[in-house]
There are 2 protein chains.
Amino acid sequence: MAAEVDTTLRFSLDLKSGVPYYKQVILQVEMAIVDGRLENGDQLPTVRSLAVSLKINPNTVARAYNELEIRGIVNTQQGTGTFISDKKIELPEVEKERILSELTRPYLSNARAYGFTLEELIKHLQSMAG
Amino acid sequence: MAAEVDTTLRFSLDLKSGVPYYKQVILQVEMAIVDGRLENGDQLPTVRSLAVSLKINPNTVARAYNELEIRGIVNTQQGTGTFISDKKIELPEVEKERILSELTRPYLSNARAYGFTLEELIKHLQSMAG
DNA sequence: TATGTTGTATTAAAGTATTAGTACAATATA
DNA sequence: TATATTGTACTAATACTTTAATACAACATA
């Protein structure tokens, strides 16, 4: 029997890092999206359940989810839950292209300003997504 | 007579940006290194002179210089001044890696939230950078 | 050595960020 | 409709960040 890789989404807090709890939650969601453990439409833990398992206040989880919503990464509905946003279905091709340009342009120009080459960016993207 | 490009190092503050003054100074030094206006061994303005020209407290400039020293970007000597570190023409590798990660992570998770695949991103980057 | 230059240390004020406690509101569903 | 589930609003306590005022210390050099 082949060993299975555990791809379950687990949250944890580094209590000593000095990084605010809500930011740690944001980072963990982002990383899970980046490496594929979370996909469009997936539900995140409820603010209460995650608060219990992390032993923090529900508002702190809610704050993380709120920031993610502002950034367009999740959608939230009271009474239902918080979900990785699923915008790709709704958008026409032209619109997607425009959005991709608007996301990419500042990334590229910022990275270039710091002297990074296209090859470095691609390599970095691949290793993060890998 | 050919027009000359002014490569003088000028500091300025955006008072409304909400970005702390000392961070603005750090960014401006970093950018000047990246695009070659500052090179190995170049002296930065003294904390006092820059403080006067930016109309802020010398300690605020000193704080920026201190952070730059911690990051290995400048060397400081009391009585003499603050200089771009001799050893590194560009930013230290760790620093570059940190910056690249901070640029890439939000780009990637945003793009993923829109349903874009890694391949699409890379293709788009290549065509924009073309 | 005396003086002026450079950065540094200490402290305090003001603002901002972070978190939790408590109560509330919207939605789903039995 | 009643109830449980979901996120939200408001508030207050605490800690951290940012900046400046003032005084100090190290160094260069006349």
Side-chain angles (χ1 to χ4, degrees), chain A residues 9 11-30 38 41-86, chain B residues 9 11-30 38 41-86 98 102 106 113:
Chain A
L9 188 55
F11 287 87
S12 63
L13 292 180
D14 182 340
L15 303 179
K16 299 178 192 168
S17 71
V19 180
Y21 300 159
Y22 81 96
K23 281 186 182 165
Q24 295 190 39
V25 171
I26 290 174
L27 279 174
Q28 287 172 49
V29 171
E30 283 185 341
L38 281 176
D42 283 356
Q43 179 167 19
L44 293 174
T46 68
V47 294
R48 272 178 188 69
S49 68
L50 186 50
V52 168
S53 82
L54 293 179
K55 300 194 177 71
I56 59 178
N57 192 281
N59 273 333
T60 304
V61 178
R63 172 160 189 188
Y65 287 4
N66 268 311
E67 286 230 12
L68 287 166
E69 174 145 56
I70 289 170
R71 301 185 196 177
I73 293 173
V74 305
N75 292 124
T76 269
Q77 262 198 320
Q78 199 159 332
T80 308
T82 300
F83 302 83
I84 305 300
S85 68
D86 206 355
Chain B
L9 188 55
F11 288 88
S12 62
L13 292 180
D14 181 340
L15 304 179
K16 298 178 192 168
S17 71
V19 179
Y21 299 160
Y22 81 95
K23 283 187 183 164
Q24 295 189 39
V25 171
I26 290 173
L27 280 174
Q28 287 172 47
V29 171
E30 284 183 342
L38 281 176
D42 282 356
Q43 179 167 18
L44 293 175
T46 68
V47 294
R48 274 179 187 70
S49 68
L50 186 50
V52 168
S53 82
L54 293 179
K55 300 194 176 71
I56 59 178
N57 193 282
N59 273 333
T60 303
V61 178
R63 173 161 187 187
Y65 288 4
N66 268 311
E67 285 231 11
L68 286 166
E69 174 147 54
I70 289 169
R71 301 187 195 178
I73 294 172
V74 305
N75 292 125
T76 269
Q77 262 199 321
Q78 200 159 333
T80 309
T82 300
F83 302 83
I84 302 301
S85 164
D86 274 326
R98 186 187 64 73
E102 281 181 8

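Sequence lines set the chain letters: A, B, ... in the order given, protein chains first and strands last, and positions in each chain run from 1.
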With the side chain counted from C-beta on, respond yes when A/Leu15 and A/Tyr21 share a heavy-atom pair under 4.5 Å apart, and no when they do not.
yes

Atom CD of B/Glu67 and atom C1' of C/dG7: how far apart are they, to the nearest Å?
16 Å

Please report the distance, rounded to the nearest Å, between CZ in A/Phe83 and C1' in D/dT5.
12 Å

Ignoring backbone atoms, test whether B/Thr82 places a side-chain nitrogen or oxygen under 4.0 Å from the OP1 or OP2 oxygen of C/dT6.
no

Taking the side chain of B/Pro20 as its heavy atoms from C-beta onward, which of D/dT8, C/dA20, D/dT19 lies nearest to it?
D/dT19

Would one find a side-chain N or O of A/Asn66 under 4.0 angstrom from OP1 or OP2 of D/dG7?
no

Look for any protein N or O under 3.5 Å of an N or O in nucleotides 10-16 of chain D and output each such pair with its distance, or none.
residue, atom, partner, partner atom, Å
D/dC10, N4, A/Asn59, ND2, 3.4

Separation of A/Gln24 atom CD from C/dT18 atom C1', in whole Å?
12 Å

Could you report the tightest heavy-atom contact between A/Val74 and A/Tyr65, atom names first, then the distance?
CG2-O, 3.6 Å

Is the phosphate of D/dT17, meaning OP1 or OP2, less than 4.0 Å from a side-chain N or O of B/Lys23?
no

Rounded distance [0.5 Å steps], CD in B/Gln28 versus OG in B/Ser12
4.5 Å

Out of C/dT6, C/dT22, D/dT19, whichever nucleotide has its closest atom nearest the side chain of A/Asn57:
C/dT22

Measuring from atom CD of A/Gln77 to atom CD of A/Glu69, what distance do you get when rounded to the nearest 0.5 angstrom?
9.5 Å

Phosphate-side-chain proximity, B/Thr76 and C/dG7, N/O vs OP1/OP2 below 4.0 Å
no

Atom-pair distance (CD on A/Glu69; P on D/dT8), nearest Å:
7 Å

B/Tyr22 side-chain N/O to D/dT18 phosphate OP1/OP2 under 4.0 Å
yes

Heavy-atom side-chain contact between B/Ser85 and B/Asn75 under 4.5 Å:
yes

Under 4.5 Å between any side-chain heavy atoms of B/Val19 and B/Asp14, yes or no?
no

Would a distance-only check, ignoring hydrogens and angles, find a side-chain to backbone donor-acceptor pair under 3.5 Å from A/Glu67 to A/Ile26?
no

Is there side-chain contact between A/Ile84 and A/Val29, with at least one heavy-atom pair below 4.5 Å?
yes

If the cut-off is 4.0 Å, is A/Arg48 near the phosphate of D/dG7, judged by side-chain N/O to OP1 or OP2?
no

D/dG7 P sits how many Å from A/Ile56 CD1, rounded?
13 Å

Rounded to whole Å, the CZ-C1' distance (B/Arg63 to D/dA21) equals 17 Å

Report each atom pair, protein N/O against N/O of nucleotides 27-30 of chain C, whose distance is under 3.5 angstrom.
residue, atom, partner, partner atom, Å
C/dT27, O4', A/Gln78, O, 3.3

Whole Å only: how far is the CG atom of B/Leu54 from the C1' atom of D/dT18?
16 Å

Rounded to the nearest 0.5 Å, what separation is found between the OG1 atom of B/Thr60 and the CZ atom of B/Arg63?
8.5 Å

Return a table of donor-acceptor pairs under 3.5 angstrom between the side chains of residues 43-58 of chain A and protein atoms on other chains or two or more places apart.
residue, atom, partner, partner atom, Å
A/Gln43, NE2, A/Thr80, O, 3.3
A/Thr46, OG1, A/Ser49, N, 3.0
A/Thr46, OG1, A/Ser49, OG, 3.0
A/Ser49, OG, A/Thr46, N, 3.2
A/Ser49, OG, A/Thr46, O, 3.2
A/Ser53, OG, A/Leu50, O, 3.3
A/Asn57, OD1, A/Asn59, N, 2.8

Specify the separation, in whole Å, of atom CG of A/Leu68 and atom C1' of D/dG7.
14 Å

